[in-house]
Amino acid sequence: MSEETKSLNFLEHIIEEDLANGMSNDSLRFRFPPEPNGYLHIGHTKAIGISFGLGLKYNAPVNLRFDDTNPAKEEQEYVDAIKKDVSWLGYQWAEECYSSDYFQQLYDWAIHLIKEGKAYVDSQTSEAMAEQKGTPTQPGVDGPYRNRTVEENLDLFERMKAGEFNEGDHILRAKIDMQHVNMLMRDPIMYRILKKHHHRTANDWCIYPMYDWTHGESDYVEQISHSLCSLEFKPHRELYDWFLDQVVDANKLRPKQREFARLNLSYTIMSKRKLLKLVEDKIVSGWDDPRMPTISGLRRRGYTPESIRKFVETVGVAKRENVIDVSLLEFCIREDLNKKANRVMAVLNPVKLVITNYPEDKEEWLEAENNPEDESAGSRKIPFSRALYIEKEDFKEEAGNKFFRLKLGGEVRLKNAYIIRAEHVVKATNGEIIEIHCTYSEDTSKKVKGTLHWVSIKHALKAEVREYDRLFSDESPDSHADKDFMEFINPNSLKTIEAFVEPSLANANVGEQFQFQRLGYFNVDEDATLEKLVFNKTVGLRDSWAKQKPKQQNGNSQKPQKTQPERKAISVIAQLGKKYTNLPEEKQLKVKAEIQELAKKVPYEDLEPLFGTAAKKAGTRIAVMLTLGVLLKNGLEKNEAINDFISKASNDKNELLVTEAKALL
RNA sequence: UGGCCCAUGGUGUAACUGGCAACACGUCGGUUUUUGGUACCGAAGAGUCUAGGUUCGAGCCCUAGUGGGCCAACCA
C-alpha cells in the first residue's frame, strides 16, 4: 500500500490539522444539506463529492440532510429526486435527516435565548427593518422593539407559535449588534410566521426557523465535525459561530464551517432559479432534458456516475473562482465509456453505396468484435449485402491524399467486411450524389488507409438520433451584468436525425450505451418504444480529422493562439538571476550560459538602472554582472557607473558575485 | 465610502517546516491501429498580478497597491 500519496486539498489539510491537534478520527462526521426545492445539478456534485469523498477517505459517516425550513418552496418530489440522484452517483449516507426534525429543539433553544435577553420579537414591517439595517458601508440603527422585556418577548413568541398572528405581524430576531460591520450580525431574523403546509410536519408549526438559526444548530445536533459549504456562506460563519456559542456544551463536539469555491462549467448555468426558467419557458423538455446540467439530465444524456465522480475528483477543491471547461467533463465520460460501451455501426447521414460485383440476392453474416478494449465483451454477427449506406461525409469524388476515406478510383476498407473501390457515381439532376457504385475484393489482408462504417440497407433499422449542442453560445452566460442569460440561448442545441443502425440493436434496452463506431457514444433514450429506437448522443469521439479540415480551408492559416509579445531580454535575465544563488551548481552553469546568450540582445541603457539593485539581491547582481561582462567583451567602454558597480561587487560577501566581479576588473 | 475572501501555463489543481514550479485536461507532432477512436512516445506553453520588505534563499512570510468575487430576502 505504498501508493504515491496524493497531495491534500485545503480541506484535507484542515482535517489533518484537527486530527493532529487531538481530534479523534471517530468524531469526524460530514453532511450534505440540500434544500428540497429543485433538482440537483453538476455543481452540487462537487459539494456531494467533497463531503462524501471525505467520508470515504476518513471512513466517517456522512448524513444527507434536507434543509427544509421554508415550506413555501419545498416539496416531497424534490426530496425523492435528490435521494435518487445521490444514490445514483454511488454514495451512501449514514442517516437521512431533516432540519424539520429539530424544530422542537430549535424552539426550545429560542426560548432560552429570549430568557437570556439575546432574542426579541420585532413587530415592524419588513421595509422598516430593512431601513434600520443600514448598508454594507453604513451602520444600522436599533429598532423600537429592541428593548422589549423578556416577559413580553416570551409572551409574544409563544403566541406566534400558537398561531394568534398573521404572517408578517411579528418575527423573532437575535439581539446582536445593529452597528456590526457584518450585515448578517445586525439582529438577524430567527423565526418568521408562515401559515403553510410543510411536507413533513404538516400543520404542526406556523413559525419556521431561518437558515442561519437552523444550520449550525442542526450540525451541532448531528455532531457534524466539519460543515462544508460554498464560498458565498463565508460571511455567515460569524453568525453560525454566534448561534453555536449560545447553545454549545463544552463537552460536546463543536462543528466548524469551512467554505470552498463552487463549481462553474463553461457554456452552461448553475442556478436553480435560472434552470427552472428554462424548464418553465419550455426551452428544454424538463429537468431531465439531456442538455440540462442537472444530474438527471446528465444521466439521461448517458453520463455514468463513475465519469461524474472522476470529473469532480479531477476538478479539485480550492477557494478561487473557477470556470471549468466542458472538455474536461467530456474527457471523463469518453474515458469511462471507451472501456464499457460496445461498438456498433450506425449511419447518421446516409448515402447509398452499391457493390456491383456482389450478387443481388446474396447476404452474409460477418463476425464483428464488440469491444476492442474488453475481450470479455465477445462478438456478434452483422449482415452484409449488395446495397449499403455509408456516411455522406465519407465519400468525395475527388480529394487530396490527406483524405483517407472513399474517393473515385480509391480503395477503402468496410469495417468488419471487405475492401471496396469506388468506380463511379450516380447523380440526381441537381447534382447531388445519390449512389456510389463500387466493386469489392475478398482479399481483406491488403493495407488501406481508411476504414468506414456502414449498414446493410436491407437489414438496417431506422432510429431517431438526438444530437445535442451546448445550450448557450456564451462561455459564461450568466455572468454578464448588462445581458440576460436568456440572450445567449443556442437555438440549435437539439438536432433530430433519422438514422440507420445495424439490426443487433433491435433489442437494446433503455439506458444501454453504445459506441457508434467512428461517431461517438450514444444511449437509448427513455422515449424509445418497441417500434422506434431513440438514441441520445452522449458525446462525440475525439476527432482529429474534424480539426484538420478548417486548417486546410484557410490554406496555411496561422494559429489562432495569441502569440505573446517577446519579453525584454533584460527582464528575463533579472528573472533568471533572482534564483541564481539558489540553484545547484550544475543548473547554475546552465543558467549562466543562458544569461550570457540573452545578454547579447541587451542595450546598455537597459542594464544601467540595475546597477542600483539592492546589495542584498545578490542573484540579480550576479546576473547583471554576467550581462555586463558580455557587453564589455563586445566593445562597451567602461564608465564611472560601471567601475563603481564592479568595485562594490568585488567586495561583496557573496563569493559568487565576487568571482564574477573580479573577472571584469 | 466599509468588511471579508481570492490571485500559479489556455483551463483546473499541486508544490510538505521558505530550497530546481509539478499533474490532469486542452493544443501541436510522432508510433501503433480493420474506429482519423484507444494506447504509447514526444513537444510547446507559466517563472507564480504589481511594487516594496524580511531572508543566504520567497509562489509560499510581511506591507501597500491593482484586479476579481461575496455581503443590505420574513430564501437557502
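Quick note on labels: first sequence line is chain A, next is B, and so on, each numbered from 1.
- Residue-level contact check: A/Arg405 touches the bases, meaning some heavy atom is under 4.0 Å from a base atom.
- B/U34 and B/U11 have their C1' atoms separated by 36 Å, given to the nearest Å.
- Looking at heavy-atom distances under 4.0 Å, A/Arg542 makes contact with sugar-phosphate atoms alone, never a base.
- The residue from A/Ile48, A/Ile82, A/Asp67 that alone fulfils the side chain to side chain contact (heavy atoms under 4.5 Å, CB included) condition with A/Pro34 is A/Ile82.
- Distance check on atom P: B/G53 versus B/A58 gives 12 Å, rounded to whole Å.
- In this structure, A/Arg621 places its CZ atom 16 Å from P of B/C56, rounding to the nearest Å.
- Rounded to whole angstrom, the span from the CG atom of A/Asp443 across to the C1' atom of B/U34 amounts to 13 Å.
- Heavy atoms of A/Gln515 sit under 4.0 angstrom from at least one base atom.
- Among the heavy atoms of the strands lying under 4.0 Å from A/Lys234 are primed sugar atoms or P, OP1, OP2 only; no base atom is included.
- Across B/C49 and B/A43, the matching P atoms stand 27 Å from one another, rounded to whole Å.
- Between the CG atom of A/Asp177 and the P atom of B/G2 there is a distance of 19 Å, rounded to whole Å.
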Could you write out RNA chain B as dot-bracket? Rules: Watson-Crick or G-U wobble, both distances under 3.5 Å, brackets [ ] for crossings, | for pairs with another strand, dot for unpaired. .((((((..((((.....[..)))).(((((.......))))).....(((((..]....))))))))))).....
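- Between A/Lys415 and B/U34 there is no side-chain N or O to OP1 or OP2 distance below 4.0 Å.
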Might you work through the salt bridge (charged side-chain N to carboxylate O under 4.0 Å, His left out) test for A/Glu35 and A/Lys272, ending with a clear yes or no? CA-CA 11 Å; A/Glu35 181 187 13; A/Lys272 274 189 206 172; 5.1 Å; no
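- In this view, A/Glu259 and A/Arg237 satisfy the salt bridge (Lys or Arg N to Asp or Glu O under 4.0 Å) rule, not counting sequence neighbours.
- The glycosidic torsion of B/G67 lies more than 90° away from 0, placing the base in the anti range.
- The C1' atoms of B/C16 and B/C60 are separated by 11 Å, rounded to the nearest whole Å.
- A/Asp187 is not listed as a side-chain neighbour of A/Met129, based on a closest heavy-atom distance of 4.5 Å or more.
- Look at CG on A/Asn264: it is 11 Å from C1' on B/G69, rounded to the nearest Å.
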Summary of protein contacts for nucleotides 19-25 of chain B, nucleotide by nucleotide, where a base hit scores B, a sugar-phosphate-only hit scores S (4.0 Å, heavy atoms): BBS--SS
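- Under 4.0 Å is where a charged nitrogen must lie from a carboxylate oxygen, and between A/Arg262 and A/Glu232 at least one such pair does.
- Side chains of A/His215 and A/His236 form no contact here, defined as non-hydrogen atoms less than 4.5 Å apart.
- Checking B/G12, B/G36, B/A14 against every side-chain atom of A/Ser7, the shortest atom distance belongs to B/A14.
- Residue A/Val323 is in sugar-phosphate contact alone, with no base atom involved, counting any heavy-atom pair closer than 4.0 Å across all strands shown.
- With both ends at atom C1', the span from B/A76 to B/G36 equals 49 Å, rounded to whole Å.
- Here, B/C6 and B/C74 have their C1' atoms 32 Å apart, quoted to the whole Å.
- Looking at A/Arg413 and A/Thr444, their side chains never bring a donor and an acceptor atom within 3.5 Å of each other.
- Within 4.0 Å of A/Lys272, counting heavy atoms only, lies no atom of the nucleic acid at all.
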Heavy-atom protein contacts under 4.0 Å, nucleotides 71-76 of chain B, coded B base, S sugar-phosphate only, - none: SB-BBB
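- Note on A/Glu373: a base of the nucleic acid sits closer than 4.0 angstrom, heavy atoms only.
- A salt bridge (Lys or Arg N to Asp or Glu O under 4.0 Å) check over residues 167-183 of chain A, counting only residues at least two apart or in different chains, returns the pairs A/Asp122-A/Arg173, A/Glu167-A/Lys196.
- Rounded to an integer number of Å, the gap from CZ of A/Arg262 to C1' of B/G68 is 17 Å.
- Contact annotation for A/Arg334: no contact, since no heavy-atom pair falls under 4.0 Å across all strands.
- The 12-atom threshold is exceeded at NZ of A/Lys195, counting heavy atoms of other residues, nucleotides or ligands nearer than 6.0 Å.
- Of the residues near RNA chain B, A/Ala417 and A/Thr137, the one whose nearest nucleotide (by heavy atom distance) lies more toward the 5' end is A/Thr137.
- With rounding to whole Å, A/Arg258 atom CZ is found 12 Å from B/C6 atom P.
- A/Thr69 is listed as a side-chain neighbour of A/Phe103, based on a closest heavy-atom distance under 4.5 Å.
- Looking at which nucleotide of RNA chain B each of A/Arg343 and A/Glu335 is closest to, the 5′-most match is held by A/Arg343.
- Each of B/U35, B/G36, B/A15 was ranked by its minimum atom distance to the side chain of A/Ser544; first place goes to B/G36.
- The structure places CG of A/Leu172 at 9.5 Å from CG of A/Leu156, a figure rounded to the nearest 0.5 Å.
- More than 12 heavy atoms of other residues, nucleotides or ligands lie within 6.0 Å of CD in A/Gln179, so this atom counts as buried by the packing criterion.
- B/U48 and B/G19 have their P atoms separated by 15 Å, with the value rounded to a whole Å.
- On the P atoms, B/U17 is 32 Å away from B/C70, given to the nearest whole Å.
- The environment of A/Glu393 atom CD is sparse: at most 12 non-hydrogen atoms of other residues, nucleotides or ligands sit within 6.0 angstrom.
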Would you be so kind as to tabulate the donor-acceptor pairs closer than 3.5 Å made by side chains of residues 445-452 of chain A, with sequence neighbours excluded?
residue  : atom : partner  : partner atom : Å
A/Ser445 : OG   : A/Asp443 : OD1          : 2.6
A/Lys446 : NZ   : A/Glu411 : OE1          : 3.1
A/Lys446 : NZ   : A/Glu411 : OE2          : 2.9

